[in-house]
Asker: 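Shown below is the structure under consideration.
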Amino acid sequence: MSDSALLPHRIAGLHDLATDLWWVWHREAREVFRQLDYKVWRLTAHNPVRMLRLVSPERLAEAAADPGFLALYDEALRQLEAARSGDQTWWRQRTTIGRKRPIAYFSAEFAIHQSLPIYAGGLGVLAGDHCKEASDLGLPFVGVGFMYPQGYFHQSVTADGWQEENYERIDWEDAATQRARAADGSELVIAVPLGNRTVLVSVWLVKLGGISLYLMDTNLPENAPWDRELSARLYGGDRETRVQQEIILGIGGVRVLRALGYDPAVWHLNEGHAAFVVLQRIRELLELGYSFADAHAEVRRSTVFTTHTPVPAGHDAFPFHMVETHLAGCWGGLGDHREDFLALGRYDNGSGTLFNMTALAMRSAAGVNAVSQLHGEVTREMWAPLIHELPPQDEPVKAVTNGVHLTNWLSLELNRTLDKYLPADWRARHDDPSVWDAVLDIPDEVLWETREKMRGYMYHFVRERIRERWVHENVPPARVLAGGTLLGQQALTIGFARRMTAYKRPDLIFHDPDRLARLLNDPKRPVQVVFAGKAHPADEGGKHALQGIYRRALDPRFGGRIAFVEDYDLHVAHYLVQGCDVWLNNPRKPLEASGTSGMKAAANGVLNMSIGDGWWPEGFVGGNGWLIDPAVEHADNAAQDAADADALYRLLENEVVPAFYERDAREVPLRWVQMVKQSIRTVAPRFCTRRMLKEYVERMYLPAFEASLTNK
Ligand SMILES: *Cc1c(COP(=O)(O)O)cnc(C)c1O
């Protein structure tokens, strides 16, 4: 980690600014680092901690005497202090509840910045955006998760399109993390009983403005080699590893908070991975003399649970013997209640009775929510047998539709345009739909120019990325071609970037290759498709889909108009969701619970073309994108794929391509620009984390606060 002692006194606060990841979503703070040394900023892939070790002392001295730089610097530090204090935030206005007893938010992954690779996809991005917004709104909030020292894998692809997974160790010198410390100042280490041994867990603190994130790590020399590996990688191991990770997340996570002196009023389990929190909290209450039933009821009142997928594999379930083996050391405090506890997870999902983490969480949370309206319906149906046995409630499963952290996902270019035409305080009020009406008044040619610049940045980014690999990694020419060398800067660009997995049908657009080739190769109206996404290391189907796309990218009949961008992450995502013209989403309905990449795209004026799944039935209002509507539902997957693909081609042929290439005398596609305006105006205020988190507060957190605070 950088050392503030080496910085000129006047700008010694740079250390603080670099080591609090609050800078990630604040333009003023980013501007400080950009201006400090733009070359080094680029060289370090936007890592200020590393930057401060590389910037020359001369440049630092110069900056410390530059009034322009100092004004930026002072303003960024002032804002950081304000964020930390939590004063003058929405939470302060909304409630008299203080900040002493926070909301504890548990998640297996958090996507804060690409320099901290502890996320795999949508779930992590949502958790990261949730935390950023919690800081902005001034919520009393603390996050708990894992520090995976080897993170999630970096993807590379062989010349034949087969995904390879490379794990790199996080370089602690360059990471914006520090060891969490106990009250006496020593580095915090906690013990978690696992099987018949004890595993030690160290704790990292990641500062995020108004909130803190604590990340657990088992890589301590005192642990056995296999235990040191437990937190090495995200989703890297087998079932045995997974259940042990989840025991550490749940039981260890509660212990971490206790050791740090936290007494949370609300416990939010983001997905079932964290459901063992319930076990540890019940144990605490049993030790205070509660009966099992009372302890469970008490825990339930203050627990909130969000379920994120209807895909069965997304709901962890373990054989009972496996759970019992690894929890062996935990039963002590549970006395005779082992069977009672195991019953909380018992669930027959149709292929046998297992200990199901979602069932445990649903039975143990008074507030349960799904992540879109449609997902709410699907969840109520999917878990109907379990919901029937719960205490009656108005809304056993609520729907709180996801959102994205808007100011973090909007492009710099679009920000500049919005600054000119929206009310001056638009950022502070961005979840107010009326703020966005002014988008309609942006002159068409101005907005189109903005959009063209955004496509240009994406185009250059994709090509430079593969050029780098060609020059420095000596990748074979085929990979350079597949990486996007033949893309055009002006062509209508369709983006598809998300996890490569069967239900998302990444290869649907290739259903009729000839029809697609005709579309792409139209000499006057060319179309190109940019793909990106990792397949889970164990997902053979996902890897085959990726390989299929890769081979198409290399097939001359598609004219070099298919590209696959390797190693999708937050950084790549920013360019793609900002720079494409159309964002394609074609999951097998109803398996996409929400999806968030389409929200990021739509708010940037990238038009969604999507199946009516997840958030899109709420987002699509006509004229702000397209609904891929096959008008029929087939029980048979192959028949559904054919119908969906046909609907997709018809939209492209009859509506999308004509609207994009129909230009006025100034070369502006007027019809298209109208849709861009409607996309931004209708999606930005509604599908942002500001709206989402306020909804969590009103519908999930405040009821739990009430139950929790009145009961003590
Ligand atoms: C937004 C995002 C996702 C989620 O994409 P979906 O379309 O919702 O599946 C996954 N990965 C990254 C890096 C993202 O930024």
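Just follow the structure's listing: the first ligand is 1, and inside any ligand the first atom is 1.
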Asker: Please assess Trp23 against His46 for the test ring-ring contact (aromatic ring centres under 6.0 Å, His included), listing each intermediate value before the final yes or no.
Answerer: CA-CA 11 Å; Trp23 68 261; His46 305 180; 7.7 Å; no
Asker: For Arg505, is there an ion pair with Glu592 - N to carboxylate O distance below 4.0 angstrom?
Answerer: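 No, no charged N to carboxylate O under 4.0 Å.
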Asker: Are Arg467 and Glu464 ion-paired here, with the side-chain N under 4.0 Å from a carboxylate O?
Answerer: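 Result for this pair is yes, salt bridge flagged.
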Asker: Taking Glu413 first and then Arg416, would you say they form a salt bridge - that is, a charged N and a carboxylate O separated by under 4.0 Å?
Answerer: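 Salt bridge flag = yes for Arg416 with Glu413.
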Asker: I'd like to know if Glu566 pairs up with Arg479 as an ion pair, taking the criterion as any Lys NZ or Arg NE/NH1/NH2 lying under 4.0 Å from an Asp or Glu carboxylate oxygen.
Answerer: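 So Glu566 pairs with Arg479 through a salt bridge.
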Asker: Would you confirm whether the ring centroid of Phe461 sits within less than 6.0 angstrom of the ring centroid of His571?
Answerer: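 Distance test on ring centres: under 6.0 Å, yes.
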Asker: Check ligand 1 for close polar pairs with the protein: N or O on both sides, less than 3.5 Å.
Answerer:
{"from": "ligand 1", "atom 1": "7 (O)", "to": "Arg498", "atom 2": "NE", "distance (Å)": "3.0"}
{"from": "ligand 1", "atom 1": "7 (O)", "to": "Ser597", "atom 2": "OG", "distance (Å)": "2.5"}
{"from": "ligand 1", "atom 1": "8 (O)", "to": "Thr596", "atom 2": "N", "distance (Å)": "2.7"}
{"from": "ligand 1", "atom 1": "8 (O)", "to": "Ser597", "atom 2": "N", "distance (Å)": "3.4"}
{"from": "ligand 1", "atom 1": "9 (O)", "to": "Lys504", "atom 2": "NZ", "distance (Å)": "2.7"}
{"from": "ligand 1", "atom 1": "15 (O)", "to": "Lys600", "atom 2": "NZ", "distance (Å)": "2.6"}

